[in-house]
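Some notes on the structure that comes next.
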Amino acid sequence: MAGRELEWSRGDRAKAAAKLMVGWVALLWLLEVVDVASGHALDGLGITPRTPSELVDVVPAAFIHFGFAHVAANSVPLLVMGFLAALGGLRRFAAVCALIIVADGLGVWLIAPAHTNTAGASGLIFGLFGYLLVTGFVERRPLGVLVGLLVGAVWGTSILVGLAPTQSGVSWQGHLLGLVAGVATAFVFKRRTPEPT
């Protein structure tokens with residue numbers, strides 16, 4: 001009997017993307033609860049630059065935050081931008097996020113100031129912003145272009161502020177590296193053929 005790959009409807013994709021991102025954000029809050037309850041034991045999973053043993057924290061650092069205000073600030077942009085990016089397919093989204101997180105984390109490890117500890121989802125958020133901003137143009141998809149313009153209009157100012165090196169306690173390096181990684185990811189994962197309608 002011949003089989004064929006079942007294609008998800010747009011509604012199915014939207015539901016799956018929403019469930020994934022609600023779960024992701026819930027995980028960040030749960031980890032912060034555990035962190036507080038353990039006397040901030042998880043804060044050590046942040047990235048201390050140019051320390052070889054810290055390379056194992058490149059991925060975990062994207063899930064750890066320094067307080068509830070920190071995770072709260074990242075929750076809405078991650079939820080919305082992650083949802084929009086995940087509409088393109090969960091496997092593709094997982095690959096996009098993995099590349100952004102690893103590239104951003106390695107970059108922070110290489111160039112962040114000495115004796116700092118960097119953690120949080122903002123590097124991924126800046127990466128998803130860059131990815132969504134340019135992927136429609138890269139793939140020449142009108143809907144993707146529209147999404148990029150909307151994301152730019154809503155979060156563009158916040159992104160520019162986050163890139164300023166004058167903010168105390170903010171890793172502008174992580175933000176910049178995340179943004180660059182996201183733009184690069186749009187080219188790496190460029191679709192070669194149009195999406196099925």
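Quantities reported herein were computed from a predicted structural model and do not represent experimental measurements.
Under a 3.5 Å cut-off, the side chain of T135 and the backbone N or O of L132 do not form any donor-acceptor pair. Here the side chain of R13 pairs no donor or acceptor atom with the backbone of A86 at under 3.5 angstrom. W109 contributes a side-chain N or O that, together with a main-chain N or O of T51, makes up a donor-acceptor pair within less than 3.5 Å. When atom types are taken as modelled, the side chain of Q173 and the backbone of V108 share no donor-acceptor pair closer than 3.5 angstrom. Looking only at distances, no side-chain donor or acceptor of D57 sits under 3.5 Å from a matching main-chain atom of I47. Although no hydrogens or angles enter the test, the distance criterion places a donor-acceptor pair under 3.5 Å between the side chain of H65 and the main chain of A121. In terms of modelled atom types and a separation under 3.5 Å, the side chain of S171 and the main chain of G174 share a donor-acceptor contact. Judged by distance alone, the side chain of H175 and the main-chain N or O of L163 form no donor-acceptor pair under 3.5 Å.
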Check: Could you walk me through whether L128 and F83 pass the side chain to side chain contact (heavy atoms under 4.5 Å, CB included) check?
Finding: CA-CA 10 Å; L128 290 173; F83 170 76; over 6 Å; no
Note to self: Does W155 form a side chain to side chain contact (heavy atoms under 4.5 Å, CB included) with V80? I'd like the steps, not just the answer.
What the structure shows: CA-CA 11 Å; W155 276 289; V80 176; 3.6 Å; yes
Margin query: Quick one, M81 with F129, criterion side chain to side chain contact (heavy atoms under 4.5 Å, CB included). Give me CA distance, side-chain angles, the key distance, then yes/no.
Written below: CA-CA 7 Å; M81 285 190 253; F129 175 86; 3.7 Å; yes
Next item on the list: Show the numbers, then the answer: is there a side chain to side chain contact (heavy atoms under 4.5 Å, CB included) between W24 and L124?
Entry: CA-CA 12 Å; W24 192 320; L124 174 59; 3.5 Å; yes
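Atom NE2 of H40 and atom CD of E32 lie 7.0 Å apart (nearest 0.5 Å). Annotation: the span from L87 atom CG to R92 atom CZ amounts to 11.5 Å, rounded to 0.5 Å. Interatomic distance, CG of L31 versus CG of L42, reported as 6.5 Å (0.5 Å rounding). With values rounded to the nearest 0.5 angstrom, L79 atom CG is found 9.5 Å from L84 atom CG.
Here the closest heavy-atom approach between residue T118 and residue A61 is recorded as O-CB, 3.8 Å. What you find for V170 and G162 is that their closest heavy atoms are CG1-O, 4.5 Å. Here the shortest heavy-atom pairing between P49 and P113 reads CG-O, 3.0 Å.
Put simply, V161 and L78 are part of two different groups of oily side chains (I, L, V, M, F, W, Y) that touch within less than 4.5 Å, one to the next. Residues F68 and I64 share a single hydrophobic cluster, defined by chaining ILVMFWY side chains whose heavy atoms lie under 4.5 Å apart. Under a hydrophobic-cluster definition in which Ile, Leu, Val, Met, Phe, Trp and Tyr are linked whenever side-chain heavy atoms come within less than 4.5 Å, directly or via other members, V71 and V59 are assigned to the same cluster. Linking ILVMFWY residues whenever their side-chain heavy atoms come closer than 4.5 Å, directly or via other members, places I159 and W172 in the same cluster. Under a hydrophobic clustering in which Ile, Leu, Val, Met, Phe, Trp and Tyr are joined whenever their side-chain heavy atoms come within less than 4.5 Å, directly or via other members, F137 and V151 fall into different clusters.
Open room surrounds CZ on R140; 12 or fewer heavy atoms of other groups in view lie less than 6.0 Å from it.
When the side chain to side chain contact (heavy atoms under 4.5 Å, CB included) test is applied to L99, the partners found at least two apart in sequence or on another chain are T185, V188, F189. By the side chain to side chain contact (heavy atoms under 4.5 Å, CB included) test, L106 is found to be paired with L55, V58, V102, residues two or more places apart in sequence or in another chain being considered. Considering only residues two or more places apart in sequence or on other chains, S75 meets the side chain to side chain donor-acceptor pair (under 3.5 Å) condition with W29.
Looking at L179 and Y131, their side chains never come closer than 4.5 Å, going by heavy atoms from C-beta outward. Side-chain contact check for L110 versus L177: every heavy-atom pair is 4.5 Å or farther apart. Residues F66 and N117 meet the side-chain proximity criterion, which asks for heavy atoms closer than 4.5 Å. Put simply, the side chain of L28 does not reach to within 4.5 Å of the side chain of N74, judged on heavy atoms.
Taking the charged nitrogens against the carboxylate oxygens, E139 and R191 do have a contact shorter than 4.0 Å, which makes a salt bridge.
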